[in-house]
Amino acid sequence: MHHHKRFWRKILVLGLSMIIIVCTAEDFLKGDSNLKWLPVAQRRQVSSFVLKPRITDLRYVMSRRPDVIVPSKNSAMKWKFNIHLNVSKSAYETSMTFLSLCIASSIFRNTTEWIHFNTGSQKLQNLAAALSPANLRLGGTAADFLTFDPYSKKDDSASSPDITDKDDFFMLDAGLLWDAGFSKLHDSTNYTMTGKQWDSITTFAQKVGWDLMFDFNLFKWHRWQEGLWDPSNAELLLKYSAERNVSIPAFQLGNEPNFYKRNFNFSIPGDTLVKDFAELKRLTSEFDLYKNSKIYGPDVTGLHSYSSRLLLLEFLKDGGNKVVDAASWHHYYLDGRTATVEQFMDPKVLDGMKTELQTALNLTGQSPPVLPLRLTETSSCYGGGAPGISDRFVAGFMWLDKLGLCAQAGVTAVFRQTFYRGNYALLSVDLDPNPDYYLSLLYKRLILGPVLNATFEPSISHLRVYAHCVRRDFYNYPQGAVVLYYLNLRDSNVTLTLDQFEGQSLDLFLLSPGDGAGPLSKLVKLNGQTLTMQGPELPPLNPSPHKGDISVSAQSFGFIVVPNAQVKVCS
């Protein structure tokens, strides 16, 4: 009798186990919409596997993201994606300056940084010129503390007139801001940009083929008309520049005004901002050299924030859309102090940019005439970037995805924060290229003109693909050539197929980490070869000829050119 009880107890336990396994499998297959994109054969394979699990293969059903099924590394099941391009039409086009650059105004305040940024360096000039043509934004938080003094030598203040104590305007000073509870995360020190510094940066920009966009200090206000911007110092810079025939194709005024309340304990309403920008437009119209220069604003940041959305909407509805030439804003994914490497490859984090773009389009669309959009400051993480992450290979996922999304949305320019200085810079302190520099360089050399729509099957969030007409001149591509660029966020290899262009020769520009550090590598490989500077000279970025399916390594990105695609919209 005792043996019979043990026998039936085992049968009961086994039966319950099978019920749990079958129910779990059925719920998983019915409830997870992500299985719908699987081919029927693979669906059966997964179903069969789930019903007969082995502990060593649980990675099949428990990926890093529980909503996506991925095969184990030892599985025979391979991921293959067929990419298709809609080549019949294009909604938007990108210009040669779509990818542009920022340098923070604070570089003029920090003597050490200014010395390191040696504009006479042949290496620096080569690195900068390779990214031309581009717009260079001189701005940021420090722009609202900058005074231009053409006479200042900084080491001999007695030799220059007192620019900051004119009777007709005043600037917020550090003491006022500290008394107001100003955040210590920012440097609120007023400082001077000398004529010599301005000459140096403008000469450098002209030499390397960059167009300037200068951000004026909005914290200079009339004493006799409180709350309105005083253009006296801006006029001084324009007169100085016009006398030297310095080209400045674009201007801005202030930086992230939606954060003034949080950071500086005061705010500027939308209608007042419109008056300030109108004053800037009046001022530039008085100079033959600058009367056709563009004005962009209001440079709010983070449209997920209510204060940012409200200020942008007020600015446009109060007439700002008739004063500025494009609506400008800033975007960052994460806080640089808390960001993790996993977040840099998280599809949910990257998808935040889609929401940001849709919000921007909705807001600008409410105030006819509808202005174009311009992303005038952006990178991975605010606060200077994430140390040890924002300057590594992994940062390229955010950067390339953002460029692709902005091109699809019709954004006219994307300004990378920054070219130099900060954890998110394209160049190190020693003027060596970080991985995002080479990614940016390839983007500049390959992308131009009509934007195409790319789709692929099966569709998963860990693979992103964008398509474009090719910039023809650098690699001498024929008319009708197309380029697609991809991000493989998965931790396993995938295969990409282009049945639409079956049998055609391809040019591959496949980027991967440059050493054993993986995503955190400070180096980058192009088609398996580590890219390194040869003295002041950049390495060649040559394609790898290829035919057939493309094997893409785990956690990598790159470009695939179809030279003889003969796409009419690219001709």
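- With sequence neighbours excluded, the residues that form a side chain to side chain contact (heavy atoms under 4.5 Å, CB included) with Pro133 are Met96, Thr97.
- Ring centers of Trp399 and Tyr485: at least 6.0 Å apart, outside the cut-off.
- For Asn362, the side chain to side chain donor-acceptor pair (under 3.5 Å) criterion is met by Gln358, not counting sequence neighbours.
- Every pair passing salt bridge (charged side-chain N to carboxylate O under 4.0 Å, His left out) that includes a residue from residues 411-438 is listed here, sequence neighbours excluded: Glu113-Arg421, Lys123-Asp432, Arg416-Asp436.
- By the 30° and 60° cut-offs, the orientation of the rings of Phe264 relative to Tyr260 is tilted.
- Side-chain N or O atoms of Gln417 include none that pairs as donor or acceptor with a backbone N or O of Glu377 at under 3.5 Å.
- A donor-acceptor pair is defined here as one N or O able to donate and one able to accept, closer than 3.5 Å; no such pair exists between the side chain of Asp391 and the backbone of Tyr424.
- Between Glu243 and Lys239 there is no salt bridge, since none of the side-chain N atoms of the basic residue sits less than 4.0 Å from a carboxylate O of the acidic one.
- With ring centers used as reference points, Phe251 lies 6.0 Å or more from Tyr296.
- Taking the side chain to side chain contact (heavy atoms under 4.5 Å, CB included) definition, one finds that Leu334 meets it with Ala339, Gln343, Phe344, Val349, Cys381, Met398, sequence neighbours left out.
- Evaluation of the side chain to side chain contact (heavy atoms under 4.5 Å, CB included) rule for Asp215 yields Arg137, Ala143, Gln252, Asn255 as partners, not counting sequence neighbours.
- Judged as a side chain to side chain contact (heavy atoms under 4.5 Å, CB included), and not counting sequence neighbours, the contacts of Thr112 are Asn110, His116.
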Tabulate below the donor-acceptor pairs under 3.5 Å that side-chain atoms of residues 366-374 make, not counting sequence neighbours, or state none.
| residue | atom | partner | partner atom | Å |
| --- | --- | --- | --- | --- |
| Arg374 | NH1 | Thr412 | OG1 | 3.1 |

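- When atom types are taken as modelled, the side chain of Ser390 and the backbone of Gly385 share no donor-acceptor pair closer than 3.5 angstrom.
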Listed pairs under 3.5 Å, donor-acceptor, residues 270-278 side chains, sequence neighbours left out:
| residue | atom | partner | partner atom | Å |
| --- | --- | --- | --- | --- |
| Asp276 | OD1 | Trp229 | N | 2.9 |

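- Residues satisfying the side chain to side chain donor-acceptor pair (under 3.5 Å) criterion with Thr355, sequence neighbours excluded, are absent altogether.
- Here Arg309 pairs with nothing under the side chain to side chain donor-acceptor pair (under 3.5 Å) rule; sequence neighbours left out.
- Under the side chain to side chain donor-acceptor pair (under 3.5 Å) criterion, Thr338 pairs with no residue, sequence neighbours left out.
- No close placement of the Phe108 and Tyr191 rings is indicated, their centers lying 6.0 Å or farther apart.
- Using a 4.0 Å cut-off between charged nitrogen and carboxylate oxygen, Asp401 and Arg464 count as a salt-bridge pair.
- The aromatic ring centres of Phe219 and Phe266 sit less than 6.0 Å apart.
- In terms of heavy atoms, Asp346 sits closest to Lys348 at OD1-N, 2.9 Å.
- Judged by distance alone, with hydrogens and angles left aside, the side-chain atoms of Ser285 form a donor-acceptor pair with the main-chain N or O of Arg282 at under 3.5 Å.
- A donor-acceptor contact shorter than 3.5 Å links the side chain of Asn233 to the backbone of Phe148.
- Remark: Arg445 fails to qualify as a cation-pi partner of Tyr443 under the 6.0 Å distance and 45° angle criteria applied to the six-membered ring.
- Considering only residues two or more places apart in sequence or on other chains, Lys89 meets the salt bridge (Lys or Arg N to Asp or Glu O under 4.0 Å) condition with none of them.
- Using a distance-only test at 3.5 Å, with no hydrogens or angles considered, no donor-acceptor pair links the side chain of Ser200 to the main chain of Lys196.
- Ring-centre distance between His304 and Tyr306: not below the 6.0 Å cut-off.
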